[in-house]
Every structure is written in structure tokens, then in C-alpha cells.
Q: 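Dropping the structure in here first, questions after.
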Number of protein chains: 2
Amino acid sequence: MNYSVSEENYIKAIYNLNGNKQPVSTNALADIMATKPASVTDMLKKLKTKKLIIYQPYQGCKLSAEGVKVALNIVRRHRLWEYFLAEKLKFEWNEIHVIAEELEHVSNPKLIERLDEYLGFPRFDPHGDPIPDHEGKMQMLKQVKLTQLPLHTPAKVSGLTDQSTDMLELLRHSNICIGTDVEINRKFGFDHSVEIKIPGNPLFIISEQAAQHILVHHE
Amino acid sequence: MNYSVSEENYIKAIYNLNGNKQPVSTNALADIMATKPASVTDMLKKLKTKKLIIYQPYQGCKLSAEGVKVALNIVRRHRLWEYFLAEKLKFEWNEIHVIAEELEHVSNPKLIERLDEYLGFPRFDPHGDPIPDHEGKMQMLKQVKLTQLPLHTPAKVSGLTDQSTDMLELLRHSNICIGTDVEINRKFGFDHSVEIKIPGNPLFIISEQAAQHILVHHE
DNA sequence: AATATTTTTTAGATTTACCTAAAAATAAAT
DNA sequence: ATTTATTTTTAGGTAAATCTAAAAAATATT
Ligand SMILES: [Mn+2]
Ligand SMILES: [Mn+2]
Ligand SMILES: [Mn+2]
Ligand SMILES: [Mn+2]
């Protein structure tokens, strides 16, 4: 099957709202899609007839098994293009998302397989999110929030729970990227801010608010 | 300005029918766009109000100066992506066109400039067609048919006037691609076939029929 | 010049993806 | 248990891009 750009964006939005697990409300979807609830209802009816979602009026919607498959494919395309943009075209990691929003809809299957191969089958995108393989499987890491990392324990930044422009700006200013080695040098009880050590960089402090959105993994 | 995929495809089609020089008929356009003349008329009215074409009912259409600019930009994107697909993703030259048809509409200007840079500012696409630079300028080669290349004159294959599957098969069998260095070693008066020399390859003969569709440039 | 043919445009519909305003269903508060 | 507020759906409409069928204009043929 082949889906319109609009259908694909809805499917991906439902997936991003955890619609493969819990029901997603019409309003939540309208909010994310920057559209009106009435438009969402129209689209939900359409996606239901295409058997991509499970939907009963007033009950919210969830992705069907087929819907999850379609969603994972879009996510795969999105993240592979993000990797390409960052790795090959040297875009900053905060610039890549908008461009990948467009590229993800170019749906030639052979193109994506060749791109994957060309990139060396990366398993994580530049934001640390896992890239589904051609079967939709993706590798998960056991991550902890930076706020919960024990003192003096070397770890690697592997994800972000806030990927807003403001957050990315802050991180770039602090020289933190996905893959950066970090360690907590000190924790401040007053505001729960943490002092970070990055090899080769001077020590610096980050707020609890920021640190709780930075995921790391260690051992 | 930002144009729809449909508008862009029409502009490019007009350009490909030499609509920057001669008027293009409604039927010719309908033919190329695989649509009905009535639909073409609708679109021509729209492109006229956007000042991309010069159009009077029953008189055909031509691109305006702005229309040519837009067209060259689409052609630039198309050919850069074709180069990427062939050079980096190792697609065959006959597979790349359809994919580039989609990619050309991803219209982030910085993306295209970065891609151009990443590819090393190529000036010709894998079919030998010139790639407009960011200002719309493109380098033209004085090409001659291989049949008209003088004996023992080193030249480079730079274009094809027949891009059929059969032609490709023949060329691939003979190790001829765009950019291949060739030289005519001998011409046979009987059937006007020519013996070709490619550095590092054994000599071989090609028919006049094939040779007249291969464009080369020399000096 | 009159007629026939081809080309192009208009008229009127359809589909997709939106919208606003109002009605209906659900959830929360009294 | 009512009333009130929130959420969601229906009803009806718009704009883009297509279509078919019919009318009009331009060309070609007698
Ligand atoms: Mn998108
Ligand atoms: Mn990402
Ligand atoms: Mn196209
Ligand atoms: Mn080409």
C-alpha cells in the first residue's frame, strides 16, 4: 500500500503519542498536527477504513498491527535521513529534523535500503533514537536520566526526552551531543543542579530541569 | 515563493518542452503530464496569475523570466539527486530518474547547497545533462555524435540521444558510461561501423546505429 | 468560401484535506 | 442527580487538482 503525505504524518504522530500502546485522544492529535479536532476526526475515519488504526467514536484511537508496521517504516526513513544529513552533509543536529520531515515521505523502498547500506546500517539517529531495521526491529538501550547517574560514574549520552530547539541550543552550547562521554562531578542539594565533567573540557553546571531530559547509559 | 509539487512538475515539463524559447501547446503538455487538456488549461491559468508563464488562450504558453528561474532550480535539484543516487548509492543510470522525480520537490535551499558541496559541485548528471549552479548557470559542451568524431582523436562520452533500456544494455556490455574516454581506431566503409578504443580495454566494434546516439566532446 | 477536423477552453463534478459553527457525547463539579 | 464544562463528532463549506462532456476557436480540407 501507498499512503499520502498527510496520512503518513498522522500515522507517525499517533505512533509518537504512544498510540501503539495506549489510546490517543482526538485533541492530543489535533494539537500535535497543528489542526482542528474536526479535521482529525475526518482523518481517523479514513485511517480506520484503511485498517491502520482501531477507532470507535469518542474512544480515541490506537494503531493496528499494520499501522505499527507503517509507522515504523516512516520512522525508519526519517531517522536514516537524519543520520545522512548529520553525518554526510554536516548539518547540526538541531537542523536535521525539519528536513527529514520532508525526505521521509519519499517512499522508494530500494532507495531506503541503499541509503541504509551506504550509511553503514546505523542503529541510532543523531538524537540517540533507535533506527528500525527493514523488519521494524530496533535496538533499545537501558538508559537512565542524567539526574539519576551516580557520582563519578563514566557514562555516554544516548538520548533526549526533550528535543525542542531551546533544548538543542542549550546542549550545543555545553558541547553535549549524542555519544558524548560524561560524568557527574558534584550534585548541588540547593537546586539539584549537577556539575558535569566532559573529558578535555572545563567543568560546567547544568540545571536539574535540563539534566532530567538527558538520557545516558553506563557500564 | 514556494510552489506545489504539481505546479513544479508543470513548470519543469514546460521547460523540458523548450518553453523558455518556443510556445508549448496545451496538448503537448497534457501528453507529457499524462493528464487531460482541460486540466492543463486550469493549471496554465493558475501559473499565469502567479506570473510564471506568459499565456493567452489558444496561443500556447511560454515561461516568464521568473518561470525560467524556478524551472532551473527544479532541474538543479533533480540532477544533483540523480548524481547522488548514481555516484553514492550505486544505482544504475536508468533507475535514478524516477527517484529523483520525487526528491526534486524537497525544497530546503540549504539542503541543496550542502548536497552540491558534498558531491563536489558536479557539472553534469549521470545522463550527461548539465547541472545548473545556484545561480541557474550551466556549462554547455560542444558535443558531436560519435560517428562524426575524427580518427585517433581522444574524446569523452558526454551524452546520449537514446536512453532506452536496450541502449543501456548495449552500452554497459561495452563498458561505455558518461565520462568514459574513447577514441575511434578505425571506421568501416561497408556498414559505417566504428572500432572503439577505451584505455585498458580490448578494441571492439560498435554499429553506426548505436554510435550515432552517443555524444562525445573533445579538445 | 464553406465545411470538416483538430485543438483548446468552459461547465459542471469529484476527491482530498482542510475549515467553522453547532450538536451530541462524555466527564467534572455542584 | 443535575448542572456545567470539556471533548468529540456531525453538518456544511472551501480550495487544489483532477476528471468528462460539451461548446468554442483555430486549422485544415474540400
Ligand atoms: Mn512529515
Ligand atoms: Mn531524530
Ligand atoms: Mn517530479
Ligand atoms: Mn538526468
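First the proteins, then the strands, lettered A, B, ... as listed; each starts at 1. Computed from a prediction, not measured in an experiment: that's the story for all the values here.
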Q: Nearest to the A:T41 side chain among C:dC19, C:dT9, D:dT10, which nucleotide is it?
A: D:dT10
Q: C:dT15 P sits how many Å from A:K50 NZ, rounded?
A: 13 Å
Q: By nearest atom, which of the nucleotides D:dT20, C:dT20, D:dT18 is closest to the A:K36 side chain?
A: C:dT20
Q: Can you confirm if the aromatic rings of B:F84 and A:F84 lie within a centre distance of less than 6.0 Å?
A: yes
Q: Considering only C:dT9, C:dA21, D:dT18, which nucleotide approaches the side chain of B:T35 most closely?
A: D:dT18
Q: B:L215 pairs by side-chain contact (heavy atoms from CB on, under 4.5 Å) with which of B:L146, B:V144, B:T161, B:L149?
A: B:T161
Q: Mind checking A:S6 for me? I need base, sugar-phosphate or nothing, with any heavy atom below 4.0 Å counting as a touch.
A: sugar-phosphate
Q: What is the separation between atom CD on B:E8 and atom P on D:dA16, rounded to the nearest whole Å?
A: 16 Å
Q: Nearest whole angstrom, please: distance from the P of C:dT6 to the CG of B:D31.
A: 16 Å
Q: Starting at CG of A:L29 and ending at P of D:dT9, how long is that distance when rounded to a whole Å?
A: 11 Å
Q: Is a donor on one side and an acceptor on the other found under 3.5 Å between the side chain of B:N18 and the backbone of B:Q22?
A: no
Q: For B:L44 and A:Q59, find the nucleotide of DNA chain C closest to each by heavy atoms; which residue's nucleotide sits nearer the 5' end?
A: B:L44
Q: Please state how far atom OH in A:Y10 lies from atom P in C:dT16, giving the value in whole angstrom units.
A: 15 Å
Q: So if I take every side-chain heavy atom of A:Y55 and compare against D:dT9, C:dT9, D:dT18, which nucleotide ends up nearest?
A: D:dT9
Q: What is the distance from OH of B:Y3 to P of D:dA16, rounded to the nearest Å?
A: 15 Å
Q: Give the rounded distance in Å between these two atoms: NZ of A:K45 and P of D:dT8.
A: 15 Å
Q: Looking only at the side chains, is there a donor atom on one of A:H105 and A:E8 sitting less than 3.5 Å from an acceptor on the other?
A: yes
Q: Which nucleotide sits closest to the side chain of A:S39: C:dC19, C:dT9, D:dT18?
A: C:dC19
Q: Any idea which of C:dT8, D:dT8, C:dA21 is nearest the A:T26 side chain?
A: D:dT8
Q: Does a side-chain N or O from B:N27 land closer than 4.0 Å to OP1 or OP2 of C:dT6, or not?
A: no
Q: Where the side chain of B:Y58 is defined as all heavy atoms beyond and including C-beta, which of C:dT20, D:dA25, D:dT8 is the nearest nucleotide?
A: D:dA25
Q: Any donor-acceptor pair under 3.5 Å linking the side-chain atoms of B:S164 with those of B:D162?
A: yes
Q: Check the distance between C:dT10's P and B:D42's CG and give it to me in whole angstrom.
A: 9 Å
Q: When we call it a touch if two heavy atoms are under 4.0 Å apart, what does B:P37 touch: a base, just sugar-phosphate, or nothing?
A: base
